[in-house]
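Atom set for the values below is all heavy atoms of this structure, side chains included, hydrogens, waters and symmetry mates excluded. We name chains A, B, ... by the order of the sequence lines, and we start the count at 1 in each one.
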Amino acid sequence: MTCLRAPLKHRDGTSSRELFHLTQISARCYILPAFEARPSSSLPRWTQRDFSHVSQIFHRSTNTFAKLSIFGSIFIIAGIVAVIIAVNRSGYVTQAGVTREQPVPFSHQHHVAAIGLDCRYCHTTVEIAAVAGIPPTKTCMNCHAQIWSNSPMLEPVRDSYRTDKSLRWTRVHDLPDFAYFDHSIHVNKGVGCSTCHGRVDRMPLVWQHASLQMEWCLDCHRQPEKYVRPRDQVFNMEYQPPADQIALGKQLVKEYKIQNLTNCSTCHR
Amino acid sequence: MTTRNGQLDFASLRAKLSGSDGQSYWRSLDELAETEGFQEFLYREFPQQADQFVDPVGRRSFLHLMGASLALAGLTGCTKQPDEPIVPYVRAPEDVIPGKPLFFASAMPLGGIAEGLLVENHMGRPTKVEGNPGHPASLGATGVLAQASILTLYDPDRSQTVTQYGEIRSWSAFLSEMREALQRFKANQGAGLRLLTETVTSPTLYEQLRLLLAEFPAAKWHQYEPVNRDSVRQGAQLAFGSNVATRYDLEKANVVVSLDADFLSAGPGRLRYTRDFTTRRKVRGNQHEMNRLYVVESTPSNTGAMADHRLTLRAVEIEAFALALAAELGVSWPLPASSATAGSAWIAPLARDLKRHPGASLLIVGEQQSPLVHALAHAMNHALGSVGKTVVYTEPVEANPIQQVQSLRELVSDMQAGSVETLFVLGGNPAFTTPADLGFVEALAKVRVRVHLSLYQDETSALCHWHIPEAHFLESWSDSRAYDGTVTILQPLIAPLYGGKTAHEMLASLTSQPDRSSYEIVRGHWQTHFPGAPSMGSKTSVPQASLAFEQFWRRSLHDGVVAGTALAPKSVALVGRPVLTPQGGGKTGLDIVFRPDPHIHDGQFANNGWLQELPKPHTRLTWDNAALISPATAERLGLNNEEVVELQYQGRKVEAPIWILPGQPNDSVTLHLGYGRLRTGRVGKGAGFNTYAIRTAGAPWSGVGLQLNKTGRRYQLACTQHHHSMEGRNPVRAGTLEQYHEHPEFIREMGEAAPQSLSMYPAQKYSGNAWGMAIDLSSCTGCNACTIACQSENNIAVVGKEQVIIGRELHWIRVDRYYSGGLDNPTTYHQPVPCMQCENAPCEVVCPVNATSHSDEGLNDMVYNRCVGTRYCLNNCPYKVRRFNFLLYSDFETHSLKLARNPDVTVRSRGVMEKCTYCVQRINATKIEAEKEDRPVRDGEIVTACEAVCPAKAITFGNINDPASRVSQLKAEKLNYGLLAELNTRPRTTYLAALRNPNPEIKATS
């Protein structure tokens, strides 16, 4: 052993061998209070102190707790995992069910349910492109040049139209950038708006209805028959799936040639 | 097989090659010599630094940092995705659908000659360039320079502001100074005003120049660019006594002879020529014959690599060869005696072969050859009856064809005489690119006002008073002519990013309407010059005429060509007795041969990282140029790769590293132009050495009398040839047409395919599409366009020279080079290698996190967001097509570069494996459209980026489940083989073997 003949020096000058002794001794001191250090001229002075007067800190009964806790650790770990999973799927992380502040408190409830606007009046490209489309200010002004044209709530809209500066909405449905979702193919294959977006006609301010997590996507991609509806019902907010959804779904899957696309490259690339 | 000092032992290499029997292939000299460097690349996946940490940061501090970052990395999982704004339009423009690209027709001018493009535009930003199928010079294909132009457009190092004496000025300040100058010019008829442009083909620009010179008769217009076609023009002048342009119809040619012409990858019409030429190379079930190409060249080119017979001659010897061939072909001119000794065995059989195909043969001469060779080729083409059939003469494509070196000479002498008061340099970089002996830089100092328009603050800008940032061609309104004269009106894809100006606007500053935009100028020109324009005194009413113009304008912009502008064939007659004075060899010393760089051209693309990192054809060098010499010359002079030598030519000196290139003629040194830039952006800085320093006006392309002195130093070059080696196997299969006719199965019998049952995994069933690709090695010219197209389409990062040296370049499709035959004139084969999308993919089974998996359509999917970077897949890939982001190569910071990216493909970060997925974003987009229309995907509807760009149509992609698809039919061909199929990977990308069509007469004699 080279280190015995020529001890390695640490930065403060103690050799490896000294360090070894120190650790041994200090370990013993704390675990067994009654330990009496063997006097040795080569050791530092504090190691030669007498610890016999220190009383036992923990009562004997704590041993049971200690043993139990070893057994219980399985449940504790499982519990922690369960909490992590629950938190990850909760609205806190996914933002599902959280309304966002918007520059104009636009109410889908009012425009869809009360006035009866079709989704596609504003989201014009939902049937032809990957993104449904956020309407330009001009679309708002089609009506609001005439009605509520003095409402202070609509001032940002008028301001945008006047100054040619875009409104900055806060995105509610925000998929990660490595997931490439296409609205048009879903709409064309009989996936209703409300299937993913919920009852937007009942939302004064829009919130995210679903978790938008991968398992949620895969639920439908694996079993589309659970969710598809006739194409003419896609934009119907009030559509209720029939009692025999699975039977109808299977028929539609066949009719619309819906594939169970669960390849990675379907969404990721 | 190296001697003690690392010098290659050429004698034993030759012995080794002559001892090998039949077809054997070698990648490089190092492989033959089994040098340590090659062994290291072969046996270790990542030769250096992959498993040890040798960066300047110490191991201890590295561990500290790693510990801390690992601990903190966990915390990032707790952060929520930040809120993202949506910014809709205020008034949505018509036709723009977010997420759906629009395509606009335009063109890329290079040396004045346009290449038609369709440019993909995502919500107002151009992201990808494709060829324009309706353009005669493109037919849907593009070259490397056009593909890489996207990166130049967004280059953050481009000049961004007008400067005067290096201080920022406004455009209006420039205009007001020009207003004052204009008063002076009006008084003295423009005396002292000089304009220096590059080659002009633009009808609008020419009209502007014409009007300007009419107004100021004492002013002069000069044209110069370093890669000019002076000797082509001189040759035509010599042969016909007039200036005519020559174009070729290679589709009709059975026998093609190239005299130092790299017509497949350089010069006008190269894409069209490649398409036409390779159409005749495709031996299929229904086409049994192919054309024959003879190449006589002074430095290896892509055209030479396609040749059935290749002869290496020194540049000066080609003249004698041409004279001998002309005599043999019975040219009517009185010819000076030829002293052709080199290649004389070729001449008789070559002449016989040409004569066997009258009217279906042709000779092409390279731009770098002397006027005499050009004139002789014209005479030979006449003698062969090719004129009007395979060779077409037209009026010149250039607006004002002149001898550019002569033009520059006149300008320089005027400047030296002090008679130039104001010089406008419109584009180009003459301070860097002009011949060293003319003294342009010194003469420039005598000009009172110098104005320079260019994309970058370059060497010339530094010497000029005013610098005006130029608008990139993707930001400009302009027009330009193709190789056959077809006009394309260039339309901008984006407003100038840095307020750039065009040459049109610069010239307008010298008129009474100084602030006319180039849109107004170009549109205004065509309003009076469009084919249906009302002539003076015609009865067409004004509204009728404006309607006709509007129709013309929209149609021309939409199509990308102005209909009917191709130049009509012209009949020309040879002059009776031309003055033919051969230059002859004579002087002792080495030959010097200049060539434009295949990727950065004359130096103007030096700051383009895609082009810098693209391995150059033949040498596979990146980021540098080198002095190319033959193995025999290296042996004679005792030189080795990367050894720095001093090149001395006509009293001027430059230092350069040596690169030994098989196929290079002996005693000849090839130098590429454009490197060693003194003032350029951060990418091109410090790359290569400046060969313009020893280039003279008298010897622009070749000369004799080069001296080469050793310096004893070494300079490391980044060569990719040894990266991704598939050792000890024969990836290329090749044969001759004769062999194919005798026994069509011979390619298949070259290797054995493992039985399909030989797998422990159950076979996958494909009910719908099953994608596959076929690559035709007979057609591939090795032009590298696929590599750049892939880089642009798939957001592939640039890694830099240091990283290339250690084998970390990221190209998803590489073009491998293989040699067969001897050291001095080997046959070259190019093989593009993308991911094979194996059926039994070795990479899939080793991924611990399923980040790579098989799709239902047979794709080998790669999920970047799932990859944890174990690199097991890469280790297990026999084709070496997976690429790992060792460092953060993608630039996430520079804003302008973000605009260049394809929004449909993830930008990968560090620690992620990436690879070709057959452009899955294009597959998905097309499939979605087909599904919406409730129909299957049509054959040829999905075009991968590499397939789209290929001028040779060597790559075919499609559904192999459909027996009628093009790709299935190609795979059924007898020439089809799978790369390393014996490993039972069952690759979906397969190759059609390279066929050559040698002349049996020459084969017997050589």
Enquirer: Please name the pair of heavy atoms, one in A/Ser184 and one in B/Lys932, separated by the smallest distance, quoted to 0.1 Å.
Expert: OG-NZ, 2.9 Å
Enquirer: Taking side chain as everything from C-beta outward and backbone as N, CA, C, O, which of these in A/Glu127 sits under 4.5 Å from a heavy atom of chain B? Side chain, backbone, both or neither.
Expert: backbone
Enquirer: Atom CG of B/Asp83 and atom OG1 of A/Thr170: how far apart are they, to the nearest 0.5 Å?
Expert: 5.5 Å
Enquirer: So how far is it from A/Lys189 NZ to B/Ile928 CD1, rounded to the nearest 0.5 Å?
Expert: 10.0 Å
Enquirer: Under 4.5 Å heavy-atom distance to chain B, tell me which part of A/Asp182 shows up: side chain, backbone, both or neither.
Expert: side chain
Enquirer: Kindly compute the distance separating OG1 (A/Thr266) from CG (B/Asp861), expressed to the nearest 0.5 Å.
Expert: 7.5 Å
Enquirer: So, taking the atom named CE in B/Met862 and the one named SG in A/Cys264, what distance separates them when rounded to the nearest 0.5 Å?
Expert: 9.5 Å
Enquirer: Determine whether more than 12 heavy atoms belonging to other residues, nucleotides or ligands lie under 6.0 Å from atom NZ of A/Lys165.
Expert: no
Enquirer: Of the listed residues (A/Pro176, A/Ser160, A/Ala179, A/Gly133), which shares the most heavy-atom pairs with chain B below a 4.5 Å separation?
Expert: A/Ser160
Enquirer: Under 6.0 Å from the OH atom of B/Tyr766, do we count more than 12 heavy atoms belonging to anything else shown?
Expert: yes
Enquirer: Enumerate the salt bridge (Lys or Arg N to Asp or Glu O under 4.0 Å) contacts for residues 94-104 of chain B, please, sequence neighbours excluded, ordered by first and then second residue.
Expert: B/Lys100-B/Glu929
Enquirer: Once rounded to the nearest 0.5 Å, what's the spacing between atom CZ of A/Arg269 and atom CG of B/Leu859?
Expert: 12.0 Å
Enquirer: Please determine, among A/Lys138, A/Met141, A/Arg171, the option with the most heavy-atom pairs under 4.5 Å with chain B.
Expert: A/Arg171
Enquirer: What residue in A/Asn188, A/Ile185, A/Asp174 has the most heavy-atom pairs under 4.5 Å with chain B?
Expert: A/Asp174
Enquirer: Please state whether the side chain, the backbone, both or neither of B/Asp904 comes within less than 4.5 Å of a heavy atom of chain A.
Expert: both
Enquirer: For B/Glu933, is the CD atom crowded, meaning more than 12 foreign heavy atoms sit under 6.0 Å from it?
Expert: yes
Enquirer: For chain B, which residues of residues 100-109 of chain A have at least one non-hydrogen atom nearer than 4.5 Å to it?
Expert: A/Arg100
Enquirer: Run A/His268 and B/Arg866 through side-chain contact (heavy atoms from CB on, under 4.5 Å) and show every step you take.
Expert: CA-CA 10 Å; A/His268 304 300; B/Arg866 198 157 186 162; over 6 Å; no
Enquirer: B/Ile97 and side chain to side chain contact (heavy atoms under 4.5 Å, CB included): which single residue from A/Thr125, A/Thr124, A/Val131 fits?
Expert: A/Thr125
Enquirer: Which residues, numbered in order, of residues 250-258 of chain A come under 4.5 angstrom of chain B by heavy-atom distance?
Expert: A/Lys257
Enquirer: Taking 4.5 Å as the heavy-atom cut-off, does anything in residues 909-921 of chain B contact chain A, and if so which residues?
Expert: B/Val920, B/Gln921
Enquirer: Let me confirm one number: the SG-CG distance from A/Cys267 to B/Asn924, rounded to the nearest 0.5 Å.
Expert: 8.5 Å
Enquirer: Check the pair B/Thr906, A/Tyr180 against side-chain contact (heavy atoms from CB on, under 4.5 Å), reporting the backbone distance first and the verdict last.
Expert: CA-CA 9 Å; B/Thr906 313; A/Tyr180 290 83; 3.7 Å; yes
Enquirer: So does A/Asp232 have more than 12 non-hydrogen atoms from other groups sitting under 6.0 Å from CG?
Expert: yes
Enquirer: Got A/Ser166 and B/Val90 here, is their nearest side-chain heavy-atom distance under 4.5 Å?
Expert: yes
Enquirer: Counting heavy-atom pairs under 4.5 Å with chain A, which one of B/Thr852, B/Asp856, B/Val863 comes out on top?
Expert: B/Asp856
Enquirer: For atom CG of A/Asp159, decide whether the heavy atoms of other residues, nucleotides or ligands shown that lie under 6.0 angstrom number more than 12.
Expert: yes
